[in-house]
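This report refers to the structure that appears directly beneath it.
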2 protein chains.
Amino acid sequence: MPPRRRQSVTIRHVAADAGVSLQTVSRVINKEPNVRPEMMERVQASIAKLGYVPSIAAQRMGGSRSYLIVALNDRERTIADWRNRQGTDWVDQMMLGGMLTCAEHGYRLIVELVDTHSDHIERELLGAIASLQPDGVILTPPHSENPLITQLLEAHGISFARIGSLKPGGGFALSIDDEGAARMATDHLIALGHRRIGFIAGPDDYELSGWRVEGWRKSMTAAGLSCEGQLAKGDFSFASGRIAAGTLLDSATAPTAIIASNDQMALATLELARERGLAIPDDLSLVSFDDTPIVRFVHPPLTAVVQPIADVTARAVELIIAEQAGRPTPTGPVITPAELAIRASTAPLR
Amino acid sequence: MPPRRRQSVTIRHVAADAGVSLQTVSRVINKEPNVRPEMMERVQASIAKLGYVPSIAAQRMGGSRSYLIVALNDRERTIADWRNRQGTDWVDQMMLGGMLTCAEHGYRLIVELVDTHSDHIERELLGAIASLQPDGVILTPPHSENPLITQLLEAHGISFARIGSLKPGGGFALSIDDEGAARMATDHLIALGHRRIGFIAGPDDYELSGWRVEGWRKSMTAAGLSCEGQLAKGDFSFASGRIAAGTLLDSATAPTAIIASNDQMALATLELARERGLAIPDDLSLVSFDDTPIVRFVHPPLTAVVQPIADVTARAVELIIAEQAGRPTPTGPVITPAELAIRASTAPLR
DNA sequence: GTGAAAGCGCTAACAC
DNA sequence: GTGTTAGCGCTTTCAC
């Protein structure tokens, strides 16, 4: 059993060293007003000299911030992604944006997994809140629009951000510009001369599915092109993508280009096209709506919508911290534009 | 500014509800002895009824465990991996093994990034220790053998595990069975009829490079095969892999199969072989020593050594928690066997 | 502006 | 076995 550990340098040491009261040190640490610049400098010198770092446990105990932000992810999906090792890097991108931004402000990001479908989701969340007492929570789909969760968070007065949600309601709504991204992808294909551009949509229970279809539709309409018979619906799974792609390609007005709403459906389309002897991009251009690592390593590498997950998460952290600090925060949803990575799967219409 | 939050249900509420003292509740929470079963049940009933969850901040303040374990990763490499989006899932696999195991024991894993080469690595680490006061730290290469780090941890009496290290010293040493894995890969190729099996080694400053070469060498020798001219050295980079592969393939006794010490060098070998018109696996069998997602999506998918990072990390967490609990822990290094995923890049010698 | 007091929720030490 | 007491390191009052 290791020895009982205590903080080696506490606020008390700093106060003694600087010859001020604990309170003054506390004020300096928290950048509060009512401290003369010279006092502040003296205290900061002592802090640096002693290598003092406040204990977040003690800070939290004192009734202030915990400097902890929880990123809530769906347990089942996340673990499945980790186990499958298909290169899905959603969590990594969240950490990239979230952890680094947290670090800049002296916060820490803790990833938590919670069962969405569980009936004890409430208990799980309450447990995390009680034990960690985070200053903020970042919700990711499918938690982002779970009223059980958002209400709980509101009741506890915890700042939270909802990623992938545009609905008004408690917390900050943040999203990628799905509609804009779909337009961008469609415009790219139109610019390449394509007239019949098929779209494989995601399931209806994801709000973003609709946004993506909408973007495609608008872009098509603006260019005077018909969407008739060019829309097929999948559920984000590989299998559903194959079926949807088949439906589109079997049509009398088969598309010369297809946009799939996610990587799995895009890969399914790629596979089906290959089986049917359709060369990509010569016979069929293909755009994926996820830029997961896989889509760059298939042949040909897929043109894809790049989802700026890291940026969105970074923004979410900033909003939560700004709210903590009492700084003003935007009222409406925060939309982050996506980019299109043009690769070898799209080419001019022959 | 959000309202001042306090714990809604504290140990006090539970004590009152169960009609016992705080201390008894504390004993029940911490599974300490000296509590009558009936008391225990009564307390647990109250805990369940009130939905009580102890605050880790308060637990830590009381001078006990923080229930936090820090996973220390190299900042530069980790961020680069995240940004490159090449499908490297080291951190994910660590979380898979580490987070889940932590959760089982009521602990939490916090990922921290620290600069290896920085001269303020000591300050960074001290800061993390002071603010988080973790019960344990998991070191990953290249931190695992950094004496600055291990000494600091020992001085602070913090349990730690060194992943990818077999050297004796403070903390627990855990590693994948690199030598065994190399033997497994070599034996696989020998069984396929190959006699000239090339090996592209990693840089000397990684201990595991040597272990891998050793495994290959032993396996070759045991089969009565010559290693002469079949060893080339790289530095884990793609570029170095190309050069090493070129050296092997240019030789008069060019190998019919190559084992590369990591995925980048394997991919480089794949590329070079393709350029030279060597079909894989028909003209050349290829084995990678990493099973990162990419190697399954190239053509052909590579036979690869699967590194059980998740298992090793889980084991590391268990050891740290066992030590915290005063339970006995192994003295020597903990070796976890690797597996070989056989895919399309290896075939019988023609 | 600064300091002194009280208390956050919990556990260690000791008494009963 | 169980309860009591005294703090952990910090922040909040509220005096000065």
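In this structure, the nucleotide among C:dA13, D:dT12, C:dG9 sitting nearest to the side chain of B:Gln23 is C:dA13. Closest to the side chain of B:Thr10, out of C:dG9, C:dT11, D:dT11, is C:dG9. Side-chain proximity of B:Ile11 to the nucleotides D:dG1, C:dC10, D:dT11 is greatest for C:dC10. Listed candidates were D:dG9, D:dT11, D:dG1. Nearest to the side chain of A:Gln7 is D:dG9. The side chain of B:Ala58 approaches C:dG9 more closely than any other nucleotide in the set C:dT2, D:dG9, C:dG9. Side-chain proximity of A:Ser26 to the nucleotides C:dC10, D:dC10, D:dT11 is greatest for D:dT11.
Residue B:Gln59 is classed as a sugar-phosphate contact, given heavy-atom separations below 4.0 Å to backbone atoms only. Note on B:Pro54: only backbone sugar-phosphate atoms sit closer than 4.0 angstrom, heavy atoms only; bases stay farther off. Residue contacts for B:Glu38: at a heavy-atom cut-off of 4.0 Å it reaches no nucleic acid atom on any strand shown.
Side-chain atoms of A:Thr336 do not come within 3.5 Å of backbone N or O of A:Ile176 as any donor-acceptor pair. With hydrogens and angles disregarded, no donor-acceptor distance shorter than 3.5 Å links the side chain of B:Ser26 to the backbone of B:Leu22.
Following rounding to the nearest Å, B:Met61 (CE) and C:dT11 (P) show an atom-to-atom distance of 12 Å. B:Arg27 has its CZ atom 10 Å from the P atom of C:dA12, to the nearest Å. C:dC8 atom P lies 6 Å from atom CZ of B:Arg12, rounded to whole Å. One can place CD1 of A:Ile29 at 8 Å from C1' of D:dC10, the figure rounded to the nearest angstrom. Atoms CG (A:Leu22) and C1' (D:dG9) sit 9 Å apart, rounded to a whole Å. Whole-Å rounding puts the A:Ile56 CD1 to D:dC10 P distance at 12 Å. When the P atom of C:dG9 is taken as reference, atom CZ of A:Arg60 falls 8 Å away, rounded to whole Å. Distance CZ (B:Arg65) to C1' (C:dC10): 13 Å, rounded to an integer number of Å.
Residue B:Tyr52 places at least one side-chain N or O closer than 4.0 Å to OP1 or OP2 of C:dC10. In this model, the phosphate group of C:dT11 is approached by a side-chain N or O of B:Asn30 to a distance below 4.0 Å at OP1 or OP2. A:Thr24 has a side-chain polar atom (N or O) that falls below the 4.0 Å cut-off from OP1 or OP2 of C:dG3.
For the pair B:Arg315/B:Phe172, no side-chain contact is recorded, criterion being any heavy-atom separation below 4.5 Å from C-beta on.
Looking at B:Arg75 and B:Glu112, no side-chain N of the basic residue comes within less than 4.0 Å of a carboxylate O on the acidic one, giving no salt bridge.
A donor-acceptor contact closer than 3.5 angstrom is absent between the side chains of A:Gln7 and A:Ser55.
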